[in-house]
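Inspection log for the structure reproduced underneath, given as structure tokens.
Basis for what follows: all heavy atoms, side chains included, without hydrogens, waters or symmetry-related copies. Residue numbers begin at 1 in each chain, while the letters A, B, ... track the order of the sequences.
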Amino acid sequence: MLDKNYQPQNFEGDVYRAWEDARAFAAGRGDREGARPYTIVIPPPNVTGSLHLGHALNNTLQDVLVRFERMRGRDVLWQPGTDHAGIATQMMVERQLMERGEPDRRAMGREKFIERIWQWKEESGNTIVDQLKRLGASCDWSRLRFTMDEGLSRAVRKVFVELHRAGLIYKDKRLVNWDPELLTAISDLEVEQIETKGHLWHLRYPIEGKTFDAGDPSTFIVVATTRPETMLGDSAVAVHPDDERYTDLVGKNIILPIVGRRIPIIADEYSDPEKGSGAVKITPAHDFNDFEVGRRHGLAIINVLSKDACLALQSNEAFLQDVELTPQLKATILEYNGVFRFAARKMIIERLETEGYLEKIEPHLHTIPHGDRSGAVIEPFLTDQWYVDAATLAKPAIDAVKRGRTTFVPKNWESTYFHWMENIQPWCISRQLWWGHQIPAWYGPDGKIFVAEDEEGAKAAAKEHYGKDEPLERDEDVLDTWFSSGLWSFSTLGWPDETPEVARYYPTDVLVTGFDIIFFWIARMMMMGLHFMEEVPFRTVYIHALVRDEKGQKMSKSKGNVINPLELIDNYGADALRFTLSAMAAQGRDIKLSSSRVEGYRNFATKLWNASRFAEMNDCVPRADFDPGSAKLVVNRWIAGETERTGAAVTEALEAFRFNDAAGAVYHFIWHIYCDWYLELIKPVLMGDDEAAKAETRAMAAFVLDRALQLLHPFMPFVTEELWAKRMPEGEHRESLLMLSEWPTRQGLQNVEADAEIGWLIKLVTEVRSVRAEMNVPAGVKVPFVIADASAETKARFATHDETIKRLARVETIDFGTLPSGSVQIVLEEATVGLPLQGVIDFGAEQERLRREIDKVKSEIAQITAKLANKKFISRAPTHVVEEQRERKTEAEATVGKLEQAIKRLASL
RNA sequence: GGGCGGUUAGCUCAGCGGUAGAGCACUACAUUGACAUUGUAGGGGUCACUGGUUCGAUCCCAGUACCGCCCA
């Protein structure tokens, strides 16, 4: 017996265990031996993370696809795993150490600290996996991988070595985005540009050979800057070559205030004559654009900052070069050295102002780069880092999408992908962190680099190079997390070993992810997959929206608007959450989730539960020997057809990744067709005494419910599986699993006559109910029916559905003949149904109602008439459209006739 | 500055050349033997604006306004 109420928490855990016990998620199951593979690799969540709504959406959609394809007979591999998430995890553990008052990572030392992270990974690594299981994710958990597993680490080393050998990974000294808080380089993608209200400081730089006079503009040149503290590292002033104001000055020098360095005035198109004074200071060590200008003009690169963004002037060779070390400068160096960048800014501004070098300060709106993890203002910083030649790797990746070997859904994301890929910059992959894959590069005593998969390899190469054993030191840095993520689509299958899984499951079928990681992840997987596997990593990329709160704001802990998916699961069940997310998946970029929506779909599960209870109470048990095509009752033939129609709609929608349409189709079918109509229509049969009709109807009700459970299963796996198992005769339990059952396909069950007849019946009942409500006929009152002008067919229909009509329309008796005076009348096709209700209803109101009906139909007729009068419409519109309009007009005119007759009858009282 | 997306019922959003839809909310009625986590009925929309294409435009095209995102 099913419980009286739907309570998901009572069975979701058991259902999941039953799946796992049956190894139903396993790829390469025996029953799928000859089957086509279907592969999805999970976007690996952070190993120490916990489930948020983004994960819930992402994994629900993957699970819907995977369950759908598994039921369609494919050999499904949904490859799960977690990501080590370098910076995020390291930060988290560091914060933990701080909170617990333990020594920080430096005090602890690298080895111990890493050990500590592994410990934390062991403790918390299963949290996210358990949470995905609660959501119902049917990943092959036996194949769970972690980006720092030995196998995957080997893949990382091999890729590094091979790309290095091919010249696609190299070490370079250039400006990087330096995070002075985390003390590491980060890639362009990890930098967030934030628009900020700041200032533009206009500085007077005195021209060499003239006596500086703040009141005489001919003695100085004005430069505008947003970062005055970097002026200590200026090595030129640039003006536009066509800027006539400065033509005479090009080639001359200025004397840098405070420092006294003599620097040239150069002509370079980088400076914009429209902006500020038209002259800009050039600081190659602290600005990406200036770096390029410096390169073009062979300027000195004078770094005046330390790694933690403090002024570093003492013993700074570049700074002191070509500068006269006056006692005053000595004092300045002492005063400024070690001062943090923002404090230094203030000091320098004050000093410039006192000495007359500050012309003016303007408010200025500009974007400032921030680290996405630390939030610190990023410092362009000159360092040695490892780079990937992304431009070269991008070419085949662009080509593959252009040729359609990989397609994006929705398609318009392809342009985003192209735009970025076509303008791609070298990818900085080294990070000054401890948690991650340590770069497989070793340095000889003279700094010579040996890249090899392991230390032995490096030693051997060094021995060959030096002719003897030399001590080697390994590069301390680790790789960007996304470097290993980029290999995910094949490293998880066992590459570089030639495993059967690599052969069978690569390339994968679909990648499901949010648009926020198109650059971070999709692009890199495309590049790496094509380079190492010579085949795209996935045929289709399905891009879904991001989940926001009900006000459309990004969910964040600091805003306190985070909806925890596990709470939703606790309150409404995993199925309700999954269905909600599927139904909302169509949305463009954001999904604004509210719990009322989830509640609504929980109610849907309740509805299904109760329908199953109804089936149970009426012995509607699945019968293996039942052929739905053999049904004799119209209502049964009709529902069989509706079921098939729905099946086709769901299938088609899922094939096209239209999750919302698929969910909508099955929702509408179960609630508004099966429950609202079919179950109501068959009640008289089930309660009647025609045993043959009862048997057929029970079997059909059970058959359709089974089909409904199948179609709903990808979206609501728990409740459907539970009902599937329990929908057997008392004491029995279905052995087969729904999730491994065969997805319904067409078997020719649709029937035009049955559709027409049940359509007529539904219309009749609906109109009667509507009129009753409008005429304020109390729901409890049973009314008689008198039907005029009924054709033989209509009479037969009334006979067939006699009991049903009486029950659903609350009818007392049904007679054919002349309508008694004072009837409420309903026009239904050729017949007019009269409800003789003298004394019960208000005739003025009835007259009014009929008139409104007539007006409505007449206005429709007018519209159609105008259309048909239009010769161009007749000649240019497709024939079937014209025909359809004609038919509608004829029907409408007939209806008006009937309605006018009805009014006459009413008036003839 | 460049690019992308949005503007449809009170709210959140589907639809996208031929009679405007869903969920929630709202109103009225109803406890009839699956279901109040319910049923029945109902109200509510010049589909942002202006032009164009078309026999016909919420839908296609162009422009405008406002909102949002990405990139520089």
Reckon A/Q885 touches a base, only the sugar-phosphate, or nothing at all at heavy-atom distances under 4.0 Å?
sugar-phosphate
Considering every strand and a 4.0 Å limit on heavy-atom distances, what is the contact class for A/T766: base, sugar-phosphate, or nothing?
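Result for A/T766 = sugar-phosphate.
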Rounded to the nearest angstrom, tell me the gap between atom [atom1] in [X] and atom [atom2] in [N].
X      : N     : atom1 : atom2 : result
A/N610 : B/U38 : CG    : P     : 10 Å
A/R772 : B/U32 : CZ    : P     : 15 Å
A/L581 : B/C13 : CG    : P     : 14 Å
A/N289 : B/G1  : CG    : P     : 19 Å

First of A/K607 and A/H419 reached from the 5' end of RNA chain B, by closest nucleotide:
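Taking each residue's closest nucleotide, the earlier one in sequence belongs to A/K607.
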If you measure from the Lys or Arg side-chain nitrogens to the Asp or Glu carboxylate oxygens, is any gap between A/R888 and A/E891 under 4.0 Å?
no
Test: A/E379 and A/R227 ion pair at under 4.0 Å:
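Yes, this pair counts.
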G-U wobble or Watson-Crick pairing nucleotide for B/C69 (cut-off 3.5 Å, both distances):
B/G3
When both hydrogen-bonding distances must be under 3.5 Å and the geometry is Watson-Crick or G-U wobble, what is B/A41 paired with, if anything?
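With both distances under 3.5 Å, B/A41 matches B/U27.
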Residue pair A/E414 / A/T407, side-chain heavy-atom distance below 4.5 Å
yes
Determine whether any donor atom in the side chain of A/E680 lies under 3.5 Å from an acceptor atom in the base of B/A34, or the reverse, and answer yes or no.
yes
Could you tell me whether the side chain of A/R602 has a donor or acceptor atom within less than 3.5 Å of a complementary atom in the base of B/U37?
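Check passes, donor-acceptor contact within cut-off.
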Does a side-chain N or O from A/W671 land closer than 4.0 Å to OP1 or OP2 of B/G39, or not?
yes
Any side-chain donor paired with an acceptor under 3.5 Å for A/E190 and A/S187?
yes
